[in-house]
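Notes for the one structure printed next.
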Amino acid sequence: MARKAKRFYTVWKGWTPGVFDSWTACEASIHGYPGAIYKAFPSRAAAEAAYQADPGDYIRTSETSSRRPASLPPPQETSRPIVNSLCVDAACDMTARIMEYRGVWHHSGETAFAKGPFPGATNNLGEFLAIVHGLAMLADLGLDWPIYSDSTTAIGWVEGGKANSAAIKNGQTNERIKNLVARAEKWLATHEYFNPILKWETKLWGENPADFGRK
RNA sequence: ACAU
DNA sequence: CCATGT
Ligand SMILES: [Mn+2]
Ligand SMILES: [Mn+2]
């Protein structure tokens with residue numbers, strides 16, 4: 001059998017646009033990016049030439065395929081999680097308001113960090129602190145790997161640089177938690193990061209490796 | 001409704 | 001069933 005031909009990948013729109021020499025590298029560049037535009041080519045030269053040109057010259061259009069309204073994002077490639085990633089999760093007993101959080105390396109299953117228990121917190125504050133802790137750890141290690149969280153709330157808070165917690169507004173927390181959240185927000189305000197923050201697709205993949213298994 |  | 005959030 002002829003070995004599978006090597007292909008090169010042009011990413012016009014993604015986390016890190018450019019030409020990649022493997023599907024693994026291409027996937028890391030576009031996985032989870034809304035509206036990513038990319039295509040495979042049989043040679044590096046063809047891929048480089050395409051990168052300099054208009055993706056519209058290469059991507060299928062209504063002439064060759066059915067047309068989806070441009071207002072709708074295309075379906076995301078979420079068939080499986082990226083292996084080189086850091087998964088984070090939090091657990092919170094919302095009757096006692098005791099929270100903890102941790103990070104687990106998806107490639108090895110090893111614990112990257114584990115913090116808590118912290119009284120006076122919420123699930124969402126834990127999910128938020130977990131992501132920011134993970135970003136800081138990846139920055140420290142010089143890794144641009146993606147972070148997975150199952151919390152759309154916390155992902156939104158991190159992307160906005162602020163934990164919009166009702167519990168904090170209503171004074172249902174304590175100084176330690178407020179300090180941790182303030183420190184996390186300050187880290188976000190003072191650091192640039194390139195790690196994609198991706199949704200762990202629990203419905204498709206099962207529980208996040210960092211999950212506490214208490215539900 | 002969706003995600004925890 | 002309870003709670004945290006968009
Ligand atoms: Mn979670
Ligand atoms: Mn969990």
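These values consider heavy atoms only, across backbone and side chains, with no hydrogens, waters or symmetry-generated copies. Order of the sequence lines sets the chain letters (A, B, ...), proteins ahead of strands, with each chain counted from 1.
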Can you check whether A:His106 and A:Trp145 have ring centres sitting under 6.0 Å from each other? no

How would you label the contact of A:Ala154 with the nucleic acid (heavy atoms, under 4.0 Å): base, sugar-phosphate, or nothing? nothing

Look at the side-chain N and O atoms of A:Asn164 and state whether any lies under 4.0 Å from the OP1 or OP2 oxygen of C:dG5. no

Closest to side chain of A:Met94, choosing from C:dT4, C:dG5, B:U4: C:dT4

Atom pair distance, as rounded to whole Å: CH2 in A:Trp157 and P in C:dT4: 11 Å

Check the phosphate of B:A3 against A:Lys203, side-chain N and O only, distance under 4.0 Å to OP1 or OP2. Yes or no? yes

Rounded to whole Å, how long is the line connecting atom CD of A:Gln172 with atom C1' of C:dC2? 14 Å

Nearest whole angstrom, please: distance from the C1' of B:C2 to the CH2 of A:Trp200. 19 Å

Measure from CD on A:Glu127 to C1' on C:dA3 and round the result to the nearest Å. 14 Å

Determine the contact category for A:Asp150: base if any of its heavy atoms lies under 4.0 Å from a base atom, sugar-phosphate if only primed atoms, P, OP1 or OP2 are that close, otherwise nothing. sugar-phosphate

Base B:U4 paired with A:Asn124 side chain (donor-acceptor, <3.5 Å): no

Consider the side chain of A:Arg97, meaning its heavy atoms from C-beta on, and name the nucleotide among C:dG5, C:dA3, C:dT6 that approaches it most closely. C:dA3

Provide, to the nearest angstrom, the distance between the NZ atom belonging to A:Lys169 and the P atom belonging to C:dT4. 13 Å

Please check if the distance between the ring centroids of A:Tyr9 and A:Trp23 is under 6.0 Å. yes

For A:Thr122, which contact category applies under a 4.0 Å heavy-atom criterion: base, sugar-phosphate, or nothing? sugar-phosphate

Can you measure A:Leu204 atom CG to B:A3 atom P for me and round it to whole angstrom units? 10 Å

Whole angstrom is fine here: how far is it from CG in A:Asn170 over to C1' in C:dG5? 12 Å

Could you tell me whether A:Ala167 contacts a base, only the sugar-phosphate backbone, or nothing, with contacts defined as non-hydrogen atoms closer than 4.0 Å? sugar-phosphate

Students often mix this up, so state it plainly: with edges at 30° and 60°, are the rings of A:Phe113 and A:His133 parallel, tilted or perpendicular? tilted

Can you tell me which nucleotide in B:A3, C:dG5, C:dT4 comes closest to the side chain of A:Lys199? B:A3

Is the A:Tyr101 ring parallel, tilted or perpendicular to the A:Phe118 ring (thresholds 30°, 60°)? parallel

Return the orientation label for the A:Tyr58 and A:Phe41 ring planes: parallel under 30°, perpendicular over 60°, tilted otherwise. perpendicular

Taking only the side-chain nitrogens and oxygens of A:Thr202, find out if one of them lies under 4.0 Å from OP1 or OP2 of B:U4. yes

When the distance from CZ of A:Phe128 to C1' of B:U4 is rounded to whole Å, what number comes out? 16 Å

